[in-house]
Amino acid sequence: MLEHIKEIDLATWTGEPQNNVKHYKNIPGVWFLLGREKKEKEEKEHTSLVCLQTAKSKNDIGGEMETDIFLLKKGSEGIGFEKDYVNQFGEFMFSYTYISRQEMLYREIVKRYDDLTFVCIPVRNQQKLVDIDSLLKDIERYIAYRTSCFFWVNGGQYKRKESEEFEKNKENRKNECPGLLDGIKSQYRKIPEIVEIADSLKEFLDKLMTGDIDDLVPSK
């Protein structure tokens, strides 16, 4: 698994893997994970990157990505961990292999996708913000809606829908994106760093959706 961890600034993107997760320790922000489907890679000479997951962290985007990388590596090895089943009286009954929902997700991602690449949006000047959580939520939603992020759930489980219904839902969410972006820029217009993040994110996702960044993430 390639450990690309790159900031949103397009000018800094190269074909070299960067394991620089420590640069983001104790910094708030949003990350999203890109990958290429293995089946498509086998059938085609070229396949585009897609957005697999996105999340925010109010305190430590680097620490969260470290955990995600650990689970991706663990998932690729196909290993859960042993837990003891103990009844309410403290009596050991049996051992079993436990796989959490998050572990199952990353196991599935590793099984189905290659060229996994984290993209970071750090917010380093959070002292200027009244409500950083609201900003991070809006950025996360913008990414998820714009890319129809495959595994994003934003909380609990959801009911299965027919294809026409979920495709319409995706389209409706994409239609919200211009308003989300304008809202971020309007609310934080006096903080140039946030406006720059919004503009750079839009530019990046424009290029992601048209495949213009594909060659900047090398295939295995």
Side-chain angles (χ1 to χ4, degrees), residues 1-24 27 29-57 61-76 102-123 136 138-154 170 173-174 177 180-181 197-220:
M1 185 187 74
L2 294 176
E3 291 181 26
H4 294 269
I5 301 167
K6 300 184 176 184
E7 283 195 41
I8 199 71
D9 183 1
L10 289 170
T12 66
W13 275 62
T14 67
E16 295 298 320
Q18 301 173 25
N19 186 4
N20 55 350
V21 66
K22 290 182 173 57
H23 294 178
Y24 305 101
I27 294 176
V30 181
W31 60 262
F32 55 104
L33 178 63
L34 307 178
R36 290 186 176 95
E37 192 169 5
K38 291 180 179 180
K39 182 179 178 182
E40 288 191 0
K41 286 181 66 176
E42 293 171 0
E43 295 174 352
K44 303 177 183 177
E45 292 183 3
H46 178 79
T47 183
S48 291
L49 292 161
V50 294
C51 186
L52 303 174
Q53 181 64 306
T54 182
K56 63 180 176 62
S57 173
I61 190 176
E64 186 164 308
M65 285 190 298
E66 275 186 335
T67 299
D68 297 323
I69 290 171
F70 170 78
L71 291 175
L72 285 165
K73 288 182 173 179
K74 183 178 179 181
S76 66
Q102 188 179 22
E103 286 177 298
M104 288 299 296
L105 166 62
Y106 284 118
R107 178 179 289 191
E108 187 70 13
I109 285 175
V110 169
K111 183 169 67 177
R112 292 170 54 182
Y113 297 90
D114 267 336
D115 307 333
L116 300 174
T117 301
F118 284 91
V119 182
C120 302
I121 307 168
V123 180
L136 298 180
D138 284 345
I139 293 174
E140 179 187 5
R141 286 167 58 214
Y142 178 73
I143 294 166
Y145 292 174
R146 182 79 195 279
T147 64
S148 298
C149 186
F150 284 12
F151 295 103
W152 185 71
V153 291
N154 193 29
K170 286 180 181 179
R173 294 295 175 262
K174 284 185 179 181
C177 289
L180 267 175
L181 192 70
I197 285 174
D199 287 337
S200 186
L201 177 58
K202 180 185 182 300
E203 180 185 0
F204 183 91
L205 294 182
D206 285 347
K207 291 179 179 293
L208 173 66
M209 302 307 289
T210 57
D212 287 347
I213 67 160
D214 288 351
D215 292 338
L216 297 181
V217 177
S219 296
K220 287 184 179 179

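Hydrogens, waters and symmetry mates are skipped; everything else that's a heavy atom, side chains included, is used.
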Determine the minimum heavy-atom distance between [X] and [Y], stating which atoms define it.
{"X": "Asp138", "Y": "Arg141", "result": "OD1-NH1, 3.1 Å"}
{"X": "Val110", "Y": "Leu72", "result": "CG2-O, 3.2 Å"}
{"X": "Gly211", "Y": "Ser48", "result": "CA-OG, 4.3 Å"}
{"X": "Gln53", "Y": "Trp152", "result": "OE1-CA, 3.2 Å"}
{"X": "Ile69", "Y": "Phe118", "result": "CG1-CE1, 3.6 Å"}

Roughly how far, to the nearest 0.5 Å, is [atom2] of [Y] from [atom1] of [X]?
{"X": "Ile213", "Y": "Lys207", "atom1": "CD1", "atom2": "NZ", "value": "9.5 Å"}
{"X": "Leu116", "Y": "Tyr106", "atom1": "CG", "atom2": "OH", "value": "10.0 Å"}
{"X": "Leu49", "Y": "Asp114", "atom1": "CG", "atom2": "CG", "value": "11.0 Å"}
{"X": "Leu52", "Y": "Arg36", "atom1": "CG", "atom2": "CZ", "value": "11.5 Å"}
{"X": "Leu201", "Y": "Ile197", "atom1": "CG", "atom2": "CD1", "value": "9.0 Å"}

Side chain to side chain contact (heavy atoms under 4.5 Å, CB included) between Tyr113 and Glu37, intermediate numbers included: CA-CA 4 Å; Tyr113 297 90; Glu37 192 169 5; 3.9 Å; yes

I'd like to know whether the aromatic ring centres of Phe204 and Phe32 sit less than 6.0 Å apart in this structure.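 When the ring centroids of Phe204 and Phe32 are compared, they turn out to be within the sub-6.0 Å range.
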
Sequence neighbours excluded, which residues qualify as salt bridge (charged side-chain N to carboxylate O under 4.0 Å, His left out) partners of Asp68?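 Not a single residue meets the salt bridge (charged side-chain N to carboxylate O under 4.0 Å, His left out) criterion with Asp68.
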
Sequence neighbours excluded, which residues qualify as salt bridge (charged side-chain N to carboxylate O under 4.0 Å, His left out) partners of Glu66?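 With sequence neighbours excluded, Glu66 shows a salt bridge (charged side-chain N to carboxylate O under 4.0 Å, His left out) to Lys25, given in chain and number order.
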
If the condition is side-chain hydrogen bond (donor to acceptor under 3.5 Å, both in side chains), which residues does Asp206 pass it with, not counting sequence neighbours?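 If we apply the side-chain hydrogen bond (donor to acceptor under 3.5 Å, both in side chains) test to Asp206, skipping adjacent residues, the hits are Arg146, Lys202.
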
Check whether [X] reaches the backbone of [Y] with its side chain - one donor and one acceptor, N or O, closer than 3.5 Å.
{"X": "Ser57", "Y": "Ala55", "result": "no"}
{"X": "Lys56", "Y": "Ile61", "result": "no"}
{"X": "Thr54", "Y": "Trp31", "result": "yes"}

